[in-house]
Asks: 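Pasting in a structure now, in structure tokens, and then I'll have a few things to ask.
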Amino acid sequence: MSRITVHTPETAPEESRNELGALGQKFGKVLNIHGAMAHSPVVLQSYVALQQVIGDYGTFDARTREAIALVVGNVDECTYCQSAHTMGAKATGLTEDQTISIRKGDVDFDDKLAALLELARQSTANKGAVKDSDWQAGLDAGWTDTELTELSTHIALNLFTNYFNHLVETDLDIPAAPGL
């Protein structure tokens, strides 16, 4: 059970209403995570701002972004985010089996993606630290320094949502991700 109620655009603080309404339109309903974030305009506005910056300046396609989110959610054991990003990943063309492989750290269907996701996994598990050899493997796989440094923002965004869900115990209002 969530620790806090889920706001709607009508019940949210004034500073959260527009963004919450826009997120509700984007996803077809107000998701529990967004409705809970709306309690604090700082939280919701920070989430929206990071998403906007990634959308405006990010270099990763939607498939790669969802794969990163699956890795971070798995390492951080966030049920809500693993579920949300399984749906998102499938919408970008990944199969359910591929989403499971990504979460397990067994990406055998895309070597370039596997190298990036290994860095995401290590960074998430080790407070940002990664092995030099794995950084080099990312470069050797075809990722650029720009992309490998951008990875930190995607990890940070996903840790932000993972930690938020852990803090407020967001109720799952979407289909659960398959078990591993």
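In what follows, residues are counted from 1 in the order of the sequence shown. As the structure is a prediction and not an experimental result, all values here were calculated from the model.
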Asks: Determine whether a donor-acceptor pair (N or O, by modelled atom type, separation under 3.5 Å) exists between the side chain of Asn126 and the backbone of Gln122.
Replies: yes
Asks: In terms of hydrophobic clustering (I, L, V, M, F, W, Y; side-chain heavy atoms under 4.5 Å; direct or indirect links), are Ile4 and Ile33 co-clustered?
Replies: yes
Asks: Students often mix this up, so state it plainly: with edges at 30° and 60°, are the rings of Tyr47 and His34 parallel, tilted or perpendicular?
Replies: tilted
Asks: Determine yes or no for a side-chain-to-main-chain donor-acceptor pair under 3.5 angstrom, with Arg103 supplying the side chain and Pro178 the backbone.
Replies: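 Such a contact is found between Arg103 side chain and Pro178 backbone.
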Asks: Got a list of side-chain donor-acceptor pairs under 3.5 Å for residues 84-91, not counting sequence neighbours?
Replies:
residue : atom : partner : partner atom : Å
His85   : ND1  : Glu66   : OE1          : 2.6
Thr86   : OG1  : Gln82   : O            : 2.6
Lys90   : NZ   : Glu96   : OE1          : 3.0

Asks: Judged by modelled atom types alone, do Asn165 and Glu169 share a side-chain donor-acceptor pair under 3.5 Å?
Replies: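 Distance-only check fails for Asn165 and Glu169.
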Asks: Report the C-alpha distance between Val43 and Phe160 in whole Å, list the side-chain angles of each, state the deciding distance to 0.1 Å, and finish with yes or no for side-chain contact (heavy atoms from CB on, under 4.5 Å).
Replies: CA-CA 9 Å; Val43 174; Phe160 174 60; 3.9 Å; yes
Asks: Keeping the roles fixed (side chain from Ser123, backbone from Ala120), state whether a donor-acceptor pair exists under 3.5 Å.
Replies: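 Side chain of Ser123 to backbone of Ala120: no pair is present.
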Asks: Can you find a heavy atom in the side chain of Asn32 that is under 4.5 Å from one in the side chain of Tyr80?
Replies: yes
Asks: Considering all heavy atoms of both residues, which atom of Thr161 and which atom of Cys81 are nearest to each other, and what is their separation?
Replies: OG1-SG, 3.5 Å
Asks: At what distance, to the nearest 0.5 angstrom, does CG of Leu44 lie from OG of Ser16?
Replies: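 It is 5.0 Å, given to the nearest 0.5 Å.
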Asks: What pair of heavy atoms forms the shortest contact from Ala176 to Ser83, and how long is it?
Replies: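 In this case the closest contact between Ala176 and Ser83 is CA-OG, 3.4 Å.
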Asks: Starting from Leu70, can I reach Trp143 by hopping between I/L/V/M/F/W/Y residues whose side chains sit under 4.5 Å apart?
Replies: yes
Asks: Taking all non-hydrogen atoms of both residues, which atom of Ala38 and which atom of Ala12 are closest, and how far apart?
Replies: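 Between these two residues, the closest heavy atoms are CB-CB, 4.0 Å.
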Asks: Following the transitive rule for hydrophobic clusters with a side-chain heavy-atom cut-off under 4.5 Å over Ile, Leu, Val, Met, Phe, Trp and Tyr, establish whether Val48 and Leu159 coincide in one cluster.
Replies: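 Different clusters: Val48 never reaches Leu159 through Ile, Leu, Val, Met, Phe, Trp or Tyr contacts under 4.5 Å.
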Asks: In this structure, would Val53 and Val42 fall into the same cluster of hydrophobic residues linked by side-chain contacts under 4.5 Å?
Replies: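 Cluster IDs for Val53 and Val42 differ.
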Asks: Do Leu157 and Leu20 share a hydrophobic cluster, counting only Ile, Leu, Val, Met, Phe, Trp and Tyr and linking them when any side-chain heavy atoms are less than 4.5 Å apart?
Replies: yes
Asks: Determine whether Val30 and Leu23 make a side-chain contact, defined as any pair of heavy atoms from C-beta on separated by less than 4.5 Å.
Replies: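 Side-chain contact under 4.5 Å: no.
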Asks: Which pair of non-hydrogen atoms, one from Thr149 and one from Thr146, has the smallest distance, and what is that distance?
Replies: OG1-O, 3.0 Å
Asks: Looking only at side chains, do Tyr163 and Asp76 share a donor and an acceptor under 3.5 Å apart?
Replies: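 Side-chain D/A pair, Tyr163 to Asp76: absent.
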Asks: What pair of heavy atoms forms the shortest contact from Val130 to Leu119, and how long is it?
Replies: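 Smallest interatomic distance, heavy atoms only, reads CG1-O, 3.6 Å.
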Asks: Quick one: does Arg63's side chain have a donor or acceptor within less than 3.5 Å of a partner on Thr92's backbone?
Replies: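 Not at all, since once roles are kept as given, no pair shorter than 3.5 Å links the two residues.
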Asks: Is it the case that more than 12 heavy atoms not belonging to Lys112 sit under 6.0 Å from its NZ atom?
Replies: yes
Asks: Is it true that Lys104 and Asp97 have a side-chain N and a carboxylate O under 4.0 angstrom from each other?
Replies: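 Asp97 and Lys104: not salt-bridged.
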Asks: Please find the pair of heavy atoms, one from Ala69 and one from Asn158, that lie closest to each other, and give the distance.
Replies: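 It is CB-OD1, 3.2 Å.
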Asks: With a 3.5 Å distance limit and no angle check, can you tell me whether Glu147 reaches the backbone of Thr144 through a side-chain donor-acceptor pair?
Replies: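 Judged by distance alone, yes, a pair lies under 3.5 Å.
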Asks: Taking the side chain as C-beta and beyond, is there a heavy-atom pair between His154 and Val72 under 4.5 Å?
Replies: no
Asks: In the structure I gave you, are the side-chain heavy atoms of Ile102 and Phe109 within less than 4.5 Å of one another anywhere?
Replies: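 With C-beta onward as the side chain, the pair touches.
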Asks: Among Leu172, Val168, Leu167, Asp173, find the residue that satisfies the side chain to side chain contact (heavy atoms under 4.5 Å, CB included) test when tested with Thr170.
Replies: Val168
Asks: Apply side-chain hydrogen bond (donor to acceptor under 3.5 Å, both in side chains) to the pair Gln136 and Asp132, showing each step before the final yes or no.
Replies: CA-CA 6 Å; Gln136 187 60 51; Asp132 289 340; over 6 Å; no
Asks: Between atom CG of Asp140 and atom CH2 of Trp135, what is the distance when rounded to the nearest 0.5 Å?
Replies: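 That separation rounds to 12.5 Å.
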Asks: Do the side chains of Lys29 and Leu31 get nearer than 4.5 Å, heavy atoms only?
Replies: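 The answer is yes, as the side chains (C-beta and beyond) meet within the 4.5 Å cut-off.
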Asks: To the nearest 0.5 Å, how far apart are CD1 in Ile100 and CG in Asn74?
Replies: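 One finds 11.0 Å between CD1 of Ile100 and CG of Asn74.
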Asks: What distance separates Leu116 CG from Arg121 CZ, expressed to the nearest 0.5 Å?
Replies: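 That separation rounds to 11.5 Å.
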Asks: Mind checking the CZ-CD spacing from Phe60 to Glu150? Nearest 0.5 Å is all I need.
Replies: 4.5 Å
Asks: Can you tell me if Gln45 and Glu19 form a side-chain donor-acceptor pair at under 3.5 Å?
Replies: yes
Asks: If you measure from CG on Asp106 to CD on Gln98, what distance do you get to the nearest 0.5 Å?
Replies: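 Going from the CG atom of Asp106 to the CD atom of Gln98 covers 11.5 Å.
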